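As structure tokens, the structure follows; a few thoughts come after it.
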Number of protein chains: 2
Amino acid sequence: MPFLQKSYESLDTLAEAIGQAIRAPITIENRHHQLLAYSTHPDSTDPARIATIIGRRVPEAVIEDLWESGILQEVIDRDEPVVIPARMAVGLGERAAVVIKQQDDVLGYIWSLARTTPFSDQELTVLKEGASIAKKLLMTIAMHERRIDAELERFFLEVLATPNLSSAHRERLDELAPIAVASRLTIIECSQPITPQLAERLFYVLATQQAIEVVLHAIDGQQLLVWHYMKSELAEEETALLQWAIRFETQLRDKFNEVEPRLGVSRRFFESDMLYAAMEEARRVTSLRRKFPYELATTHTFEQIGIYQLVPDLARRIGLRLETHPTIERLQTYDVAHHTELVTTLEWYFYFDGNVKRVASHLHIHPNTVLYRIRRIEELTNITQVSLPERAAVYLAIKAGQYRQDD
Amino acid sequence: MPFLQKSYESLDTLAEAIGQAIRAPITIENRHHQLLAYSTHPDSTDPARIATIIGRRVPEAVIEDLWESGILQEVIDRDEPVVIPARMAVGLGERAAVVIKQQDDVLGYIWSLARTTPFSDQELTVLKEGASIAKKLLMTIAMHERRIDAELERFFLEVLATPNLSSAHRERLDELAPIAVASRLTIIECSQPITPQLAERLFYVLATQQAIEVVLHAIDGQQLLVWHYMKSELAEEETALLQWAIRFETQLRDKFNEVEPRLGVSRRFFESDMLYAAMEEARRVTSLRRKFPYELATTHTFEQIGIYQLVPDLARRIGLRLETHPTIERLQTYDVAHHTELVTTLEWYFYFDGNVKRVASHLHIHPNTVLYRIRRIEELTNITQVSLPERAAVYLAIKAGQYRQDD
DNA sequence: GTCCACTTTGTGTTTTTTCACAAAGTGGAC
DNA sequence: GTCCACTTTGTGAAAAAACACAAAGTGGAC
């Protein structure tokens with residue numbers, strides 16, 4: 001009764017066997033839609049399949065289309081071969097698909113292109129049979145991969161927690177990363193601890209980023225830590241990174257809006273010794289962006305946060321009573337005594353470059369109120385008419401104070 | 001013939017002997033007008049003498065008056081006892097003075113208050129004789145002091161050049177400085193190498209600073225390095241320091257205008273281990289003030305230079321091609337192509353908080369020209385309407401570029 | 001509760017800044 | 001030399017911002 005053997009030595013031979021049994025092109029993918037095997041059936045094939053084989057992964061557009069239309073969900077839920085009508089918009093001819101599952105765990109998919117004639121029940125049974133055989137093969141691979149991944153993740157976390165690497169560390173790291181490539185450490189921070197399910201989805205999005213190459217990654221509480229480098233030339237590294245960061249964060253917010261993902265990218269580094277420092281830089285970015293979401297809404301990298309780099313240092317010094325800005329102190333005293341908001345007003349007055357109207361609208365008050373407050377501030381400190389460096393210093397002092405408070 | 005013995009065991013006994021010989025109060029000072037000895041003559045004395053004895057130093061006002069009126073110069077030049085009429089404005093009654101000299105080197109002075117009767121020639125001869133005896137005593141002291149000073153200076157320079165102090169270093173330093181006092185390292189930078197003569201004058205001004213206590217000092221090329229702490233309470237340390245820095249720099253500029261002295265004060269530190277870091281901070285201040293005299297005209301401390309702290313780092317990263325600000329690059333390209341000054345214009349536009357009039361007057365151009373350029377810049381980059389942190393970042397990038405160029 | 005000092009808002013007026021446009025200047029390509 | 005694209009300056013009109021001042025609101029001291 002079965003059309004296939006009990007087992008095959010590899011997914012390639014399995015794909016070939018299924019392909020011969022139902023006389024149609026077959027592809028087998030893992031759960032990330034990465035190509036695992038495909039049959040060499042000579043029949044005509046469609047653009048989507050060609051792109052998949054060339055790129056060793058199903059094109060992003062196709063995956064998105066299949067998810068959005070609910071087809072993939074149906075394939076997963078049904079756990080039976082599903083016939084899918086052609087979706088020419090994304091270059092997909094008619095085909096059949098079956099999920100490869102272990103309990104509720106999706107391991108992968110088998111796809112079969114349709115020939116001129118529709119699929120018969122018998123052919124679909126062959127696909128179903130193929131999925132069951134593929135399961136065993138995929139489980140072996142998945143288990144192996146998982147073991148390696150877990151070990152690497154443990155190692156990566158250890159490295160990131162070690163300021164001064166041992167030579168053993170260094171040797172192993174150098175095996176992992178190409179030398180003399182401008183690396184970055186990027187943190188993807190979520191508002192909640194990253195569950196295995198969320199991690200899975202995040203890894204998937206990460207793996208599909210065309211612009212970057214991931215060296216290592218690891219989960220640490222609410223943060224996904226990624227050591228990566230840009231695929232672009234060194235000269236374009238920065239531009240490429242900045243563009244990528246914008247795209248990537250938008251993408252993350254689209255897909256994971258509920259956990260409010262936020263990026264923090266370190267400066268570039270070339271030596272694995274710098275991983276610890278890079279980690280601190282990336283952490284500083286996410287931490288500052290957490291505290292100042294409005295002000296740092298469009299910044300992703302340590303470079304971009306600009307003068308905010310100074311804020312934690314300043315905050316610490318204020319904490320140690322090493323630094324107190326006389327101007328701000330006077331204003332704060334006044335604020336307490338008169339229930340006013342002079343410090344906040346000054347902050348946004350500086351932020352908005354002295355534009356009274358914008359300050360008023362941001363604070364939801366009358367422009368004349370802002371004007372009145374500014375005049376008060378001038379009476380108390382005459383700080384508003386100083387130059388940018390001084391204004392920036394005052395601004396930083398205010399921000400440092402807030403940084404401490406929120407702590 | 002001589003009225004005094006050939007030698008005395010101490011300056012105190014000498015002062016006493018002279019006082020008895022001419023029956024008038026006697027004080028002996030070193031070249032810095034620090035009190036070395038005084039007679040206990042019971043006669044009435046004047047406010048200046050009381051203040052001198054109490055403060056163990058001639059009051060600053062008196063010294064200034066004597067210098068400005070040329071009296072002290074006359075005393076030094078004449079090398080003979082000089083009778084000085086009363087200068088009641090500074091609390092000085094009539095007196096006689098004689099310089100204690102070794103060749104052309106001033107070692108100190110002997111002062112004698114007048115009694116009701118004028119000084120006789122004989123009395124003046126006694127003074128002259130006293131000066132000659134004091135010379136021997138002072139030379140011994142001076143030589144000893146000089147040897148100790150030179151050794152300490154050498155030690156201090158060694159410490160400042162050592163990032164990681166040995167325990168021997170640390171022990172000796174801890175003997176010199178009181179523990180748990182907020183120290184600062186201040187650099188006084190001159191436009192020329194500090195000659196021994198200049199050093200002498202600088203040390204004198206330094207020694208007369210009431211607000212600070214000097215732990216160690218040393219000359220290093222064009223810089224006078226001073227380890228000191230404020231005499232005020234810890235809580236007022238910062239305020240006191242800032243006030244002192246303003247006063248002191250004004251004073252230095254008055255007295256040493258020809259070498260353009262400039263201060264650079266480190267952050268406060270409590271451990272001698274921090275001397276090296278403090279040195280770097282102070283150096284950063286002087287170096288930045290040298291490069292940006294206009295912008296940092298009123299700043300003295302590492303804290304005060306505010307965001308300029310970032311400039312050298314940024315400059316270095318630009319040098320390594322790690323950082324290029326796309327906005328500024330585009331403007332620079334345009335500047336080169338069209339012989340314009342967009343970058344400079346933007347810099348001062350930011351500096352003057354978007355005040356077109358002030359920018360125009362600073363650059364000596366028509367306000368409309370500024371307006372025209374700003375519009376050009378907006379067309380090229382639309383950077384002018386961003387928030388303070390971003391403007392500050394751009395400003396810093398410009399400044400970092402200049403920092404590098406001037407190097 | 002009243003008083004009082006201070007803050008906030010609303011109104012027109014005055015001052016300042018920006019804008020549009022024209023004329024003049026500049027410097028390199030040819 | 002001319003041409004041309006762009007910059008700089010000058011002028012008056014238009015827009016925006018700041019200002020003065022009055023009225024209303026607020027909150028603590030008593």
Side-chain angles (χ1 to χ4, degrees), chain A residues 326-388 390-391 394-395 398 401-402, chain B residues 326-388 390-391 394-395 398 401-402:
Chain A
T327 299
I328 294 167
E329 277 199 338
R330 212 170 309 162
L331 293 181
Q332 270 171 342
T333 313
Y334 195 91
D335 275 355
V336 170
H338 295 88
H339 312 275
T340 47
E341 303 270 324
L342 296 191
V343 175
T344 311
T345 309
L346 185 66
E347 175 194 339
W348 293 104
Y349 183 74
F350 280 171
Y351 186 88
F352 288 125
D353 199 14
N355 186 320
V356 172
K357 231 172 154 181
R358 289 176 72 187
V359 178
S361 94
H362 182 263
L363 297 176
H364 307 294
I365 51 175
H366 196 279
N368 272 2
T369 306
V370 178
L371 229 48
Y372 171 80
R373 288 182 183 172
I374 296 299
R375 249 175 271 171
R376 241 310 100 88
I377 293 168
E378 256 165 11
E379 274 172 31
L380 291 166
T381 68
N382 79 323
I383 193 70
T384 52
Q385 40 206 359
V386 299
S387 64
L388 177 98
E390 265 191 83
R391 286 200 309 280
V394 173
Y395 183 79
I398 295 173
Q402 294 176 2
Chain B
T327 299
I328 293 166
E329 277 201 337
R330 212 172 308 163
L331 294 180
Q332 270 171 342
T333 312
Y334 194 91
D335 276 355
V336 170
H338 295 89
H339 313 274
T340 47
E341 303 270 323
L342 295 191
V343 175
T344 311
T345 309
L346 185 66
E347 175 195 338
W348 293 104
Y349 183 74
F350 280 171
Y351 186 88
F352 287 125
D353 200 16
N355 187 319
V356 171
K357 229 171 154 183
R358 290 176 70 188
V359 177
S361 95
H362 182 264
L363 296 176
H364 307 293
I365 53 177
H366 195 278
N368 272 2
T369 305
V370 177
L371 230 48
Y372 171 81
R373 287 181 183 172
I374 295 298
R375 251 176 266 171
R376 242 306 102 87
I377 292 168
E378 257 165 10
E379 274 172 32
L380 290 167
T381 67
N382 76 324
I383 194 70
T384 51
Q385 39 205 358
V386 298
S387 64
L388 177 98
E390 266 190 83
R391 287 201 309 279
V394 172
Y395 183 80
I398 294 172
Q402 294 175 2

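Naming convention: chains lettered A, B, ... in sequence-line order (proteins, then strands); numbering from 1 in each chain. Since this is a predicted model, take the numbers as computed values, not measurements.
Regarding B:Asn368, its CG atom lies at a distance of 12 Å from the P atom of C:dA20, rounded to whole Å. As a whole-Å value, the separation of A:Leu363 CG from C:dT8 C1' is 14 Å. Atom-to-atom, NE2 of B:His338 to P of D:dT7 comes out at 6 Å; the value is rounded to the nearest Å. In this structure, CZ of A:Arg375 is placed 15 Å from P of D:dA17, rounded to the nearest angstrom. Rounded to whole Å, the distance from CG on B:Leu331 to P on D:dT7 is 12 Å. Following rounding to the nearest Å, A:His364 (NE2) and C:dT8 (P) show an atom-to-atom distance of 15 Å. In this structure, CD of B:Glu341 is placed 13 Å from C1' of D:dT8, rounded to the nearest angstrom. Atom-to-atom, CG of A:Leu371 to C1' of D:dA16 comes out at 13 Å; the value is rounded to the nearest Å.
Of the candidates D:dA20, D:dT7, C:dC19, D:dT7 carries the atom nearest the B:Tyr372 side chain, counting heavy atoms from C-beta on. In the set D:dA20, C:dC6, D:dT7, D:dT7 carries the atom at the smallest distance from any side-chain atom of B:Thr340.
Base pairing annotation: D:dC21 forms a Watson-Crick or G-U wobble pair with C:dG10, both donor-acceptor distances under 3.5 Å. In this entry C:dT15 has D:dA16 as its Watson-Crick or G-U wobble partner, both defining distances falling under 3.5 Å. Nucleotide C:dT26 forms a Watson-Crick or G-U wobble pair with D:dA5, both donor-acceptor distances falling under 3.5 Å.
OP1 or OP2 of C:dT7 has at least one side-chain nitrogen or oxygen of A:Tyr334 nearer than 4.0 Å. Taking side-chain N and O atoms only, A:His339 has a distance below 4.0 Å to OP1 or OP2 of D:dG28. Residue B:Lys357 has a polar side-chain atom (N or O) positioned under 4.0 Å from OP1 or OP2 of C:dT17. Here B:Arg376 does not reach the OP1 or OP2 of D:dC6: none of its side-chain N or O atoms lies under 4.0 Å away.
Counting non-hydrogen atoms under 4.0 angstrom, B:His366 reaches a base of the nucleic acid.
When every heavy atom of B:Val343 is checked against every heavy atom of B:Ile328, the shortest pair comes out as CG2-O, 4.4 Å. What you find for A:Phe350 and B:Leu388 is that their closest heavy atoms are O-CB, 3.5 Å.
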Show the numbers, then the answer: is there a salt bridge (charged side-chain N to carboxylate O under 4.0 Å, His left out) between A:Arg375 and A:Glu378? CA-CA 5 Å; A:Arg375 249 175 271 171; A:Glu378 256 165 11; over 6 Å; no
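Using a 4.5 Å heavy-atom threshold, the side chains of B:Tyr351 and B:His362 count as separate. In this structure, the side chains of A:Val359 and A:Asn355 stay at 4.5 Å or more apart for every pair of heavy atoms.
In terms of position along DNA chain D, the nucleotide closest to B:Leu342 lies nearer the 5' end than the nucleotide closest to the other residue of the pair B:Leu342 and A:Asn355.
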